[in-house]
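Notes follow the structure.
Predicted model only: the values in this text are computed from it and were never measured. Note on naming: letters A, B, ... go to the chains in the order of the sequence lines (proteins, then strands), and numbering restarts at 1 for each one.
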Protein chains: 2
Amino acid sequence: MRTKESTKPTIKDVARQAGVSPTTVSYVLNNTRFVSPATEARIRAAIEDLSYQPDLIARSLRANRTLSVGMVVSDITNPFYADVVRGAEDFFSEQHYSLILCNTDESPENELASLQMLRSKKVDGLIIVATGQNIQQLDETSSGGLPIVLVDRRLPEDRLDTVIVDDEQGAFAVVNHLLEHGHTRIGMIKPLGGISTTDHRCQGYEKALRKFGLAPDPSLMINGYSTIKGGTAAALALLDLKPRPTAIFSANNLMSIGLYLAIKQRGLACPKDVAIVGFDDMVWFSVFSPGLTTVYQPSYELGKRAAQLLCQRICGGHTNTAPSLVELPSRLVIRESCGCGSNQANLFFS
Amino acid sequence: MRTKESTKPTIKDVARQAGVSPTTVSYVLNNTRFVSPATEARIRAAIEDLSYQPDLIARSLRANRTLSVGMVVSDITNPFYADVVRGAEDFFSEQHYSLILCNTDESPENELASLQMLRSKKVDGLIIVATGQNIQQLDETSSGGLPIVLVDRRLPEDRLDTVIVDDEQGAFAVVNHLLEHGHTRIGMIKPLGGISTTDHRCQGYEKALRKFGLAPDPSLMINGYSTIKGGTAAALALLDLKPRPTAIFSANNLMSIGLYLAIKQRGLACPKDVAIVGFDDMVWFSVFSPGLTTVYQPSYELGKRAAQLLCQRICGGHTNTAPSLVELPSRLVIRESCGCGSNQANLFFS
DNA sequence: CTGAAAGCGCTTACAG
DNA sequence: CTGAAAGCGCTTACAG
């Protein structure tokens with residue numbers, strides 16, 4: 001039974017209808033000082049009656065917080081980042097924060113533009129998969145009072161809160177597994193651009209090789225775009241080497257798919273002609289033929305933890321605490337692409 | 001060389017430093033009336049010098065638009081929706097709009113909460129994959145002046161702008177293809193809850209059957225959650241029928257993955273024991289074994305078109321135009337799971 | 001060619 | 001137990 005249909009009711013309308021001041025309405029809205037039960041009841045009735053919804057923009061301007069956070073990833077289309085975003089979103093929606101999503105496509109310019117936009121929109125905090133090319137701006141933003149949490153990738157000196165996965169350990173485990181199968185000529189395909197995840201996975205790869213007395217061979221480590229196509233291109237380069245590597249480690253989820261396509265394209269058999277392992281797991285990797293042996297990373301958890309950390313910075317007293325570095329454990333997932341159980345690997349489908 | 005480090009500069013600070021009024025600063029900021037080159041230069045210098053960034057919250061309150069839009073999907077973790085979101089985001093970021101992302105998990109309560117939040121945050125528009133359970137609220141919101149574009153799913157009577165895919169035609173084509181292989185006992189697994197996509201895909205399935213003189217058999221149509229697990233459960237029910245269907249149509253991308261897992265679990269061979277086809281394509285479906293024959297939908301384009309439509313409603317004169325219904329074409333993608341080329345289907349991997 | 005002033009819808013010291 | 005008033009940082013008629 002609303003009185004004025006034309007325009008959205010404001011706090012004044014509620015106040016008038018309840019016969020009180022906007023001040024008091026505000027206090028019951030925010031539950032921020034005692035109001036007599038009788039007036040509170042009248043106010044709530046008026047709110048209900050007018051279907052009043054507070055204007056969060058006005059509130060933000062006045063209260064200097066927006067209940068919005070920025071979420072900057074390279075590409076939401078990459079299932080890994082979709083999981084990370086979902087983990088963050090689930091946490092924040094519980095806290096009544098909303099998420100502004102930005103994709104950078106790994107472009108520092110896009111990243112900077114997103115950063116500026118988010119600052120202008122006065123988000124209360126920011127979670128970012130950093131390209132690594134705007135470190136100074138990130139630092140300035142953070143010391144300017146906007147909490148930032150890095151997720152998935154570290155930045156030099158760890159001056160910001162960071163949530164990552166134990167990339168080196170994960171890569172070590174999966175390459176070690178390949179080595180235990182007896183491989184000695186193991187190629188690696190990996191994203192270009194010095195991001196921490198790639199660096200650490202390389203270190204894990206090299207560490208595993210050295211454990212087996214092998215020297216890392218630069219000609220066996222091929223860079224490419226971290227896309228399916230990039231993976232195919234890098235993999236083809238590796239597959240066309242003479243002699244061909246007997247195994248390949250793909251350090252990126254989309255590149256792993258490209259690796260499968262490259263093997264198919266060259267008419268090779270996996271794991272017979274070339275064994276492969278990946279990094280990052282996706283449910284459907286088990287449906288691939290052969291199933292991909294890979295490193296599971298807790299992607300959803302990554303986003304959730306980042307969100308928790310950010311929330312502490314925003315709300316909590318963690319204002320002057322030193323930045324935390326949270327490292328989540330990865331886990332080796334053994335399927336058939338490495339050569340395990342390869343005799344029955346393809347019995348299911350004929 | 002900024003003068004005050006402590007607090008963010010406002011338009012007043014810029015005005016003072018340039019020796020003009022805030023009014024004039026605002027006009028050059030928005031490029032909205034002529035300002036003499038000399039003063040404009042002084043103002044721009046001041047902006048630069050102070051690294052002034054306008055407060056978009058204040059601007060929103062005053063100008064009554066936020067340059068934000070809401071994007072409500074069931075689950076960003078589903079690659080189909082990730083594509084849709086990306087299509088929308090790409091378009092909007094060009095227009096300097098930002099996207100607030102919400103996941104509903106198909107829950108009407110979550111959807112309603114998102115809707116209210118987005119209204120309170122005064123988004124300029126809204127793209128939504130509707131659950132179908134909040135039709136009235138959506139209508140009211142729209143007639144209350146907030147433009148809404150439905151994507152992926154229609155609502156009865158098409159009272160809102162809608163961008164969809166030709167689900168019926170797509171399903172018809174893929175089931176028709178199965179029928180041409182000679183199958184007469186074709187099961188279907190599909191999401192529960194009367195959403196338009198599922199309804200139309202069922203119609204396409206039934207239409208194809210009837211074209212071949214077959215009567216749709218309700219016991220061959222199994223509902224499930226539109227998840228991988230849901231797909232597995234529904235598929236197992238179908239595979240355990242006696243006699244077993246010789247082919248299965250999965251009407252949902254995640255359920256298709258579940259279908260593969262169910263076939264594997266029962267130790268059956270595809271397409272020999274049971275042929276399968278899906279709806280919605282993902283690049284990695286080609287890496288599955290056998291590759292999934294399915295219906296490609298232009299998911300990215302879906303999001304992009306929805307964004308365009310919304311933008312027209314927001315900015316353009318399309319205020320009182322009748323709602324448009326955009327139907328994008330799907331496309332049959334033939335791989336091996338239907339039985340095509342099955343003799344060489346698994347030569348690649350051994 | 002430019003400015004003074006009102007006001008967007010809230011919150012929050014201050015006061016009683 | 002409640003209110004009057006200032007003010008968050010902008011934009012935009014109105015005026016000259």
Side-chain angles (χ1 to χ4, degrees), chain A residues 4 6-44 46-47 50-68 117 119-124 144-145, chain B residues 4 6-44 46-47 50-68 96 117 119-124 145:
Chain A
K4 19 169 67 184
S6 49
T7 179
K8 301 246 148 72
T10 74
I11 200 172
K12 277 187 182 178
D13 300 317
V14 175
R16 193 178 315 119
Q17 172 141 344
V20 296
S21 72
T23 303
T24 304
V25 177
S26 174
Y27 281 118
V28 338
L29 241 27
N30 295 292
N31 194 24
T32 188
R33 89 173 173 194
F34 181 84
V35 172
S36 80
T39 42
E40 168 157 3
R42 286 208 317 285
I43 291 171
R44 295 217 176 277
I47 289 172
L50 299 169
S51 354
Y52 168 74
Q53 286 189 297
D55 182 325
L56 259 31
I57 294 294
R59 182 179 284 178
S60 294
L61 178 60
R62 183 55 231 247
N64 218 24
R65 48 164 217 165
T66 55
L67 292 180
S68 297
M117 182 275 286
R119 274 199 310 232
S120 271
K121 287 222 166 149
K122 302 274 167 173
V123 291
D124 295 336
Chain B
K4 18 170 67 180
S6 49
T7 178
K8 300 246 148 70
T10 72
I11 200 171
K12 277 187 182 177
D13 299 317
V14 175
R16 193 179 315 119
Q17 172 139 345
V20 295
S21 71
T23 304
T24 304
V25 176
S26 174
Y27 282 117
V28 338
L29 240 27
N30 296 292
N31 194 24
T32 190
R33 91 172 172 194
F34 181 83
V35 172
S36 80
T39 43
E40 168 156 5
R42 286 209 317 284
I43 291 172
R44 296 219 176 277
I47 289 173
L50 299 169
S51 352
Y52 168 74
Q53 286 188 296
D55 182 324
L56 260 30
I57 294 293
R59 183 179 283 177
S60 294
L61 179 60
R62 182 56 231 248
N64 217 25
R65 48 168 216 161
T66 55
L67 293 180
S68 297
H96 302 103
M117 182 275 287
R119 275 199 309 234
S120 272
K121 287 222 167 150
K122 302 277 168 171
V123 291
D124 295 335

Touch class at under 4.0 angstrom, heavy-atom based, for A:Ser60 against every strand present: nothing
Nearest-0.5 Å distance, CG of residue B:Leu50 to CD1 of residue B:Ile11: 12.0 Å
With sequence neighbours excluded, residues passing salt bridge (charged side-chain N to carboxylate O under 4.0 Å, His left out) with B:Asp55: A:Lys122
Smallest separation among heavy atoms of A:Arg42 and A:Gly19, with atom names: NH2-O, 3.9 Å
Atom-to-atom span, NZ of B:Lys121 to P of C:dC8 - whole angstrom: 23 Å
Between C:dC1 (C1') and B:Glu40 (CD): distance, integer Å: 13 Å
Sequence-aligned protein contact record of nucleotides 9-16 of chain D, with B where the base is within under 4.0 Å of a protein heavy atom and S where only the sugar-phosphate is: BBBBBB--
Could you pull out every donor-acceptor pair under 3.5 Å between side chains of residues 29-41 of chain A and any protein atom, sequence neighbours left out?
residue, atom, partner, partner atom, Å
A:Asn30, ND2, A:Ser26, O, 2.9
A:Asn30, ND2, A:Ser26, OG, 3.4
A:Ser36, OG, A:Thr39, N, 3.3
A:Ser36, OG, A:Thr39, OG1, 2.7
A:Thr39, OG1, A:Ser36, O, 2.9
A:Glu40, OE2, A:Arg44, NE, 3.0
A:Glu40, OE2, A:Arg44, NH2, 3.1

Extract all donor-acceptor atom pairs below 3.5 Å that involve side chains of residues 56-63 of chain A and protein atoms in other chains or at least two apart in sequence.
residue, atom, partner, partner atom, Å
A:Ser60, OG, A:Leu56, O, 2.7
A:Ser60, OG, A:Arg65, O, 3.3

Residues which pass side-chain hydrogen bond (donor to acceptor under 3.5 Å, both in side chains) with B:Asn64, listed by chain and number, not counting sequence neighbours: none
Side-chain heavy-atom pair A:Pro9, A:Gln17 within 4.5 angstrom cut-off: no
Flag side-chain contact, heavy atom, 4.5 Å: A:Ser68 against A:Lys121: no
All stems with DNA chain C, defined as three or more consecutive Watson-Crick or G-U pairs under 3.5 Å: C:1-3 with D:14-16, C:5-12 with D:5-12, C:14-16 with D:1-3
